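For the numbers below, each heavy atom of this structure counts, side chains included, while hydrogens, waters and symmetry mates do not. These figures come from a predicted structure and were not determined experimentally.
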Amino acid sequence: MEVGQSIETGDDDQAVTTVIVKAGDTVSSLANQYNTTIQRIAQDNNLDENYTIIVGQKLKITTNDTAIPVTQQSQQDVPAPQQSVLAQATTPAIANNNQATQNSVPATNTNATQQSAPVSNNSQGYTSSVSGNEASAKAWIAGRESGGNYSARNGQYIGKYQLSSAYLGGDYSPAHQEEVADQYVQGRYGSWTAAQQFWEANGWY
């Protein structure tokens, strides 16, 4: 018998042992040592739901030959660690968050989708006369509107400069797009550089 332990009288099949808790003891280890259950020790000593014990505490332990082995009791009644449950619960959320992030990133070309617009063969052989800063501003706008794609389409807006189908009049040839774009910008802004300044301030022209 260890120091600090005593055997008290009980029923023929039971004995009550008083144990002084020492460093390293747990309710589980004591239940295993004395062939009883965690729940019986907790009940006999009014322990809290976490089975908290402290060094020097006196515990009454009732041993019973018919007690459920502690290994089985532990598996049945001791809750499993929650970490794996949390990991399973949060993984889909992370995946969904990643998917939502990918879906929310706007395409580089915000004004035109890369759908093919019909291209007419009625090319008039038009050649734009803009040059220097005007040509640079024109190319800048085309890059923002369609990525320079004559076949880009966004609803009623068509082609390299995303002009309304009403402006193009059904002729979507590259030469006609260039001609109409020059006419549109000249009539509305007076120059491509002024059109670029308006686009930078408003996101369209």
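- Put simply, the side chain of Ile61 reaches to within 4.5 Å of the side chain of Thr36, judged on heavy atoms.
- Remark: Leu168 CG to Ser173 OG distance equals 8.5 Å, nearest 0.5 Å.
- Residues passing the side chain to side chain donor-acceptor pair (under 3.5 Å) test with Ser29 are Thr26, sequence neighbours excluded.
- Taking the side chain as every heavy atom from C-beta outward, Glu134 and Ser191 approach each other to under 4.5 Å.
- When all heavy atoms of Asn154 and Gln162 are compared, the closest pair comes out as CB-OE1, 3.3 Å.
- Scanning both residues, Tyr172 and Ser165, for their nearest heavy atoms gives OH-CB, 3.9 Å.
- In this structure, the side chains of Lys58 and Val19 stay at 4.5 Å or more apart for every pair of heavy atoms.
- Listed by chain and number, the residues in a side chain to side chain donor-acceptor pair (under 3.5 Å) with Glu200 are Gln196 (sequence neighbours excluded).
- Remark: Asp44 pairs with Arg40, Thr62 by the side chain to side chain donor-acceptor pair (under 3.5 Å) rule, at least two apart or across chains.
- With sequence neighbours left out, Thr52 forms a side chain to side chain donor-acceptor pair (under 3.5 Å) with Asp48.
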- prompt: Do Asn149 and Lys160 pass the side-chain contact (heavy atoms from CB on, under 4.5 Å) test, and can you show the C-alpha distance, the side-chain angles, and the key distance before you say yes or no?
  reply: CA-CA 5 Å; Asn149 184 359; Lys160 184 175 181 179; over 6 Å; no
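- Expressed to the nearest 0.5 Å, how far CG of Asn202 lies from CD of Gln197 amounts to 11.5 Å.
- Of the possible donor and acceptor atoms, one in the side chain of Asn45 sits under 3.5 Å from a partner among the backbone N and O of Ile41.
- By the 30° and 60° cut-offs, the orientation of the rings of Phe198 relative to Tyr189 is tilted.
- Closest approach of Ile38 to Ala31, counting heavy atoms only: N-CB, 3.8 Å.
- Of all heavy-atom pairs between Ser146 and Ala152, the closest is CB-CB, 3.7 Å.
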- request: Please lay out, stage by stage, how Tyr51 and Ser28 fare under the test side-chain contact (heavy atoms from CB on, under 4.5 Å).
  value: CA-CA 9 Å; Tyr51 309 129; Ser28 177; over 6 Å; no
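- Under the 4.5 Å side-chain criterion, counting only non-hydrogen atoms from C-beta, Ser164 is in contact with Tyr157.
- Defined by atom type and a distance below 3.5 Å, a donor-acceptor pair is missing between the side-chain atoms of Trp204 and Glu145.
- Using a 4.5 Å heavy-atom cutoff, the side chains of Arg188 and Tyr205 are not in contact.
- Below 30°, between 30° and 60°, or above 60°: for Tyr161 and Trp192 the angle between ring planes is between 30° and 60°, a tilted geometry.
- Rounded to the nearest 0.5 angstrom, Asn35 CG and Leu30 CG are separated by 13.0 Å.
- By the 4.5 Å heavy-atom criterion applied to side chains, Leu163 and Ile158 are not counted as neighbours.
- For Gln183, the side-chain contact (heavy atoms from CB on, under 4.5 Å) test picks out Glu179, with sequence neighbours left out.
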task: Test Tyr150 against Gln177 for side-chain contact (heavy atoms from CB on, under 4.5 Å), laying out the working first.
output: CA-CA 8 Å; Tyr150 285 110; Gln177 290 185 38; 3.3 Å; yes
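- Closest approach of Gln57 and Leu47 over heavy atoms only: NE2-CD2, 3.9 Å.
- You'll find the side chain of Leu59 stays beyond 4.5 Å of the side chain of Thr18, heavy atoms only.
- In this structure Lys138 satisfies the salt bridge (charged side-chain N to carboxylate O under 4.0 Å, His left out) test together with Glu178, Asp182, sequence neighbours excluded.
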